[in-house]
Amino acid sequence: QGQLLESGGGLAQAGGSLNLSCATSASIFQYSGMGWYRQAPGKQREFVARFTKYGVTRYSDSVKGHFTIPRDNAKSTVYQHKGSMKLEDAGVYYCNANRTKDGDEHDYWGQGAQVTVTL
């Protein structure tokens with residue numbers, strides 16, 4: 001079964017940057033829109049950013065202007081880069097792939113990356 005492997009979680013400095021990666025197989029990557037969600041302690045999981053398999057990208061209002069999701073097609077990997085980290089950006093970040101092929105749709109989720117923000 002396909003899976004998404006996240007890496008890059010850990011400690012982030014307030015005012016600094018956060019970089020995460022999400023690697024998957026080509027069979028998932030080429031047919032999927034992919035993106036990131038996050039869940040802060042005591043809050044619901046929220047949408048952060050994603051792109052469709054056709055290249056259309058959208059971001060949540062909370063991260064616009066300092067968040068990008070670069071892709072490496074050769075490695076079937078999506079990244080996230082967030083600048084201007086704040087204490088409220090701490091939480092668990094989840095990678096998501098929504099695969100659509102031949103009329104079938106499946107959702108895949110990464111294991112989650114814990115991010116802690118320090119002063």
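Nearest approach of F51 to T57, heavy atoms of both residues: CB-OG1, 3.5 Å. Across S21 and T77, no two heavy atoms sit closer than the pair CB-CG2, 4.3 Å. Looking at every heavy atom in both residues, G9 comes nearest to A113 through CA-CB, 4.2 Å. Across I28 and A97, no two heavy atoms sit closer than the pair CG2-CB, 3.9 Å. Of all heavy-atom pairs between M34 and C22, the closest is CE-SG, 4.0 Å.
No single ILVMFWY cluster, assembled from side-chain heavy atoms under 4.5 Å apart, contains both F67 and Y37. In the hydrophobic clustering of this structure, V78 does not group with Y54; members are Ile, Leu, Val, Met, Phe, Trp, Tyr whose side-chain heavy atoms approach within less than 4.5 Å, directly or through other members.
Once rounded to the nearest 0.5 Å, the distance linking CZ of R38 with NZ of K82 reads 6.0 Å. With rounding to the nearest 0.5 Å, the separation of OH in Y94 from CG in L20 is 13.0 Å. Interatomic distance, OG1 of T100 versus CG of D107, reported as 8.5 Å (0.5 Å rounding). Rounded to the nearest 0.5 Å, atoms OH (Y31) and NZ (K53) are 8.0 Å apart. Between atom OH of residue Y59 and atom NZ of residue K64 there is a gap of 10.5 Å, rounded to the nearest 0.5 Å. Once rounded to the nearest 0.5 Å, the distance linking CG of N19 with OG1 of T68 reads 8.0 Å.
Residues S76 and T24 have side chains that never bring a donor and an acceptor to within less than 3.5 angstrom of each other.
For NE2 of H66, the number of neighbouring non-hydrogen atoms (other residues, nucleotides, ligands) closer than 6.0 Å is greater than 12.
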- Task: Test side-chain contact (heavy atoms from CB on, under 4.5 Å) on D89 and L18 and set out the steps.
- Result: CA-CA 10 Å; D89 290 321; L18 171 69; over 6 Å; no
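Electrostatic pairing of D104 and K101 does not count as a salt bridge here, judged by no charged N lying under 4.0 Å from a carboxylate O.
Inter-residue side-chain proximity for V117 and K86 is flagged as unmet; no heavy-atom pair is nearer than 4.5 Å. At least one side-chain heavy atom of W36 sits under 4.5 Å from a side-chain heavy atom of E6. Counting heavy atoms from C-beta on, the side chains of L87 and L119 come closer than 4.5 Å.
A donor-acceptor pair under 3.5 Å is formed between the side chain of R99 and the backbone N or O of S27. Proximity of a side-chain donor or acceptor of R50 to a complementary backbone N or O of G33 within less than 3.5 Å is detected.
With F47 as the aromatic partner, R58 meets the cation-pi criteria of under 6.0 angstrom to the ring centre and within 45 degrees of the ring axis.
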